[in-house]
Protein chains: 2
Amino acid sequence: MDWDEVRIFLAFAREGSFSAAAKRLGIQHSTVSRRIQALEKKLATPLLERSASGYELTRAGEELRISAYRIEQELLSFEAASAGQSNEAVGELRVTAIANMASTILMPIFARFSAANPNIDLRIEVTNDSVRLAEREADVALRQTNAPGETLIGTRLTTVASAVYGSVGYCKAYKSGQFDEKWIGVDCCDYHRTWTKQACPTNEHAFCVDETSLTVAALKEGLGVGYLPCFLGDAEPTLARAREPEQQHDLGLWLLYHRDLRNVKRVTLFREHMQREIKQLVDIFEGKQEAIR
Amino acid sequence: MDWDEVRIFLAFAREGSFSAAAKRLGIQHSTVSRRIQALEKKLATPLLERSASGYELTRAGEELRISAYRIEQELLSFEAASAGQSNEAVGELRVTAIANMASTILMPIFARFSAANPNIDLRIEVTNDSVRLAEREADVALRQTNAPGETLIGTRLTTVASAVYGSVGYCKAYKSGQFDEKWIGVDCCDYHRTWTKQACPTNEHAFCVDETSLTVAALKEGLGVGYLPCFLGDAEPTLARAREPEQQHDLGLWLLYHRDLRNVKRVTLFREHMQREIKQLVDIFEGKQEAIR
DNA sequence: CCGACACTGTGCAAATATGCAAAACGGTTT
DNA sequence: AAACCGTTTTGCATATTTGCACAGTGTCGG
C-alpha cells in the first residue's frame, strides 16, 4: 500500500472533487483519479460512489478519511517539532492575510521581513474565509476578530478602528444638510455587513459591493457613505470621515498560528517582526487623526 | 511531503540498513537510499547519521520512527476494519508456520483450503523466529507454544506430543542393552534444546543439527536418539520410539492472529478450516500409537 | 595482513507515473 | 432541446522513478 495515496485521498475527501483536490495538491486531476482508483483496487474496497451531486464517500471511505486525518496530524506535528529543533531561520513561511490589509499597509512590513530574512521564503496568500490552520493551510494567519479560535495561539497586534467615510464632496454636502446619507451596501465581511445594517435599518441600497477595495472606489465616486477601517479611509485624501470612529466598532488584529509551531524559528521571528512594526503604526490603526495630519 | 517516504523510512528504522529494508519492502536498496535522502531534503533535517556499526537515527529520525509506527498502526487497523466490512472471502492471506509442520502434515490441509477458496491467495511462509503480527508481517501465525502472546488472540488447535526417537535398528540394539543411548545435539528450537539438555546433562554430542528435518535424517542414519514431535517420528517407518511421550513435553499448537483481524472473513474461514481438519488428526498429534497402526 | 563479505552510492536503461489535451458525462441555464 | 459549465475519463508524449550492474568502502575472520 502506497501511503501517499492516502494523502491524495484525504485531499479529495476534503475538497469533494478530483479537480479541487488536484488544485490544492498542485497536481493533475487525472493523477488524483488514477491514484484513488489504484488505492481502491489495492484495498479491494470502494471508497467513494457517485451520487446526485458529486461523489459521496462510502463507509470505508469515511473511515479512511478519519484515519488519514489522524495521520496528517501526526506528520504535521512531527514536522513542526523537527523544524523547531533545527531552530534555523530557513524554509517556507506561508502567511494568510486579509486582502485590504495585505495589499496596503502590511505590504511594506512584509517586504522588510523578507529583506531581513533572505533564507525564509515568504508566501503571502489572501484569504478572507476562515483558514484551517490545523491542517496547515498556512503557517500564520492575520485576522481581524474579537474572538480568536481557542485551539490556536497568537498575539493581539493592535486595535483596528473603523469609521464611516464618504468622499470629501459628499461629506461636505451631507453635513450642510442638503440630503440624507445614502449607505452603500457592503458584503465584504460579517462585521461590515452587520454594522451597515445597524446604521441603515431600511436596508435600501442603490449600490452594493462585496469587497473592501470596491467600497473605497465607490465612496470616492461620491455614491454614499460606508464603513471603512480608518487605516484605509484616512489614507485616501479624497475621502473624509462622515462620523468619527466608535469603540464598539473596534476590532482586534490578531496574528495566529498553531500550537505546534510556537517554537519554530521562522514563526517566532515573524511574530516579533510584526509586533515591532505594528507598534509604530498603532495610531494609524486606531484612527488617531493626529497621526495623519 | 510524500507520505510513502515515511513508510520506507519506517522499514529502514526497523531493519537498520538500507539493504534489509529494501528486502522487506521488495524494492531496491538504491531506492530506499534515494527516497530517504529526498525525505531528509524536504524536511531540511537529517534523519540518520553514520556511526561505527551501520547507521544511527538522529533525534528527529527517532521521532519520525515513532510517528511512522503510529501511522502504520492506523492504516493496519483501517485495512483490517475495511476488510472485515466487505466480508468477502477474497484477498491475500499470509500464514506463517513452522517449517517441519508446514512441509509435512499441514500441507494437505493448506491445499484443501486453497482449493475450497480459490479467491483467497494463500501465502505460506516459514518462519521459526517469532513473527510480529502487530506489524502484520503475516495475517495468521501457527505456533507451538504453551504461552501465546497476550496481545494476540487465537485458538488452541490441538496438543502436540513429543517423544524420543531413534532408528528402528538403533532402538532395538539399545533396548537389548548393547550400549548407552547417544543423544543428537539439536538446536532447532528452545523446547528441543532444553529437553535434550535435561535428558543428556553431560551435553556431549558427537553430532549436532539445527533443524528438525536434519534431526529426522540423522536419526534415520542411526546416529543416536533425539526428541521429535510424534506426528513426525511416527510418520517415519524407519524410526521407532526410544521412549514413550511424556505429558511434560506436550505443547499447544496455536493459531494466532491480531485482534483487528478477528472479523475478517478470510481469517475466520481459515481458522474454522484448520479447526475442522486438525480435529480429525488429533490422535496423530497427541501421539496415540493406535492412530498409526 | 589479506581476502571474503555485506552494505551503500552512482550511471544508465527500462518501467512507471505524470501532465497535457481531447473526449465523455451530468446538471443547469437559456 | 440545445448549449454551456464543471467535472471525470482516456490516450499519448514526456518526465520521473525504479531496477540493475558495478564500483567503492568498511568489517570480520582466518
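Naming: A, B, ... by sequence-line order, numbering from 1 per chain. Model, not experiment: these values are computed from the prediction. Reckoned from all heavy atoms, side chains included, excluding hydrogens, waters and symmetry mates.
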How would you list, by chain and number, every residue that makes a ring-ring contact (aromatic ring centres under 6.0 Å, His included) with [X], sequence neighbours excluded?
{"X": "B/Phe110", "answer": "none"}
{"X": "B/Phe18", "answer": "B/Phe12, B/Tyr55"}
{"X": "B/Tyr227", "answer": "B/Trp183, B/Trp195, B/His249"}

Output the rounded distance in Å from [atom1] ([X]) to [atom2] ([N]).
{"X": "A/Glu56", "N": "D/dT8", "atom1": "CD", "atom2": "P", "answer": "15 Å"}
{"X": "A/Asp2", "N": "C/dT16", "atom1": "CG", "atom2": "P", "answer": "14 Å"}
{"X": "B/Ile8", "N": "D/dT17", "atom1": "CD1", "atom2": "P", "answer": "12 Å"}
{"X": "B/Ile36", "N": "C/dG9", "atom1": "CD1", "atom2": "C1'", "answer": "14 Å"}
{"X": "A/Arg35", "N": "D/dT16", "atom1": "CZ", "atom2": "P", "answer": "16 Å"}

- Message: Among residues 20-32 of chain A, which ones have heavy-atom contacts with DNA chain C below 4.0 Å?
- Response: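 Per residue number, the list reads A/Ile27, A/Gln28, A/Ser30, A/Thr31.
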
- Message: For the residue pair B/Ser30 / B/Gln28, report whether a side-chain donor-acceptor contact shorter than 3.5 Å exists.
- Response: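 No pair is found: no donor N or O on one side chain lies under 3.5 Å from an acceptor on the other.
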
- Note on the structure: Its dot-bracket string being built from Watson-Crick and G-U pairs below 3.5 Å, with | for another strand and [ ] for crossing, DNA chain C has the pattern ||||||||||||||||||||||||||||||

Among residues at least two apart in sequence or on other chains, which ones pass side chain to side chain contact (heavy atoms under 4.5 Å, CB included) with [X]?
{"X": "A/Asn117", "value": "A/Phe113, A/Ile120, A/Leu269"}
{"X": "B/Glu62", "value": "B/Leu57, B/Arg65"}
{"X": "B/Arg35", "value": "B/Asp2, B/Asp4, B/Glu5, B/Ile8, B/Thr31"}

- Item | Contacts of A/Glu74 that satisfy salt bridge (charged side-chain N to carboxylate O under 4.0 Å, His left out) - sequence neighbours left out |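 With sequence neighbours excluded, A/Glu74 shows a salt bridge (charged side-chain N to carboxylate O under 4.0 Å, His left out) to B/Arg70, given in chain and number order.
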
- Item | Phosphate contact (D/dT8 OP1 or OP2) by A/Ser19 side-chain N/O below 4.0 Å |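 So the side chain of A/Ser19 is within the cut-off, an N or O lying under 4.0 Å from OP1 or OP2 of D/dT8.
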
- Want to settle it: does B/Arg34 or B/Phe18 sit nearer the 5' end of DNA chain C, counting the closest nucleotide to each?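 Whichever sits nearer the 5' end wins; that is B/Phe18.
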
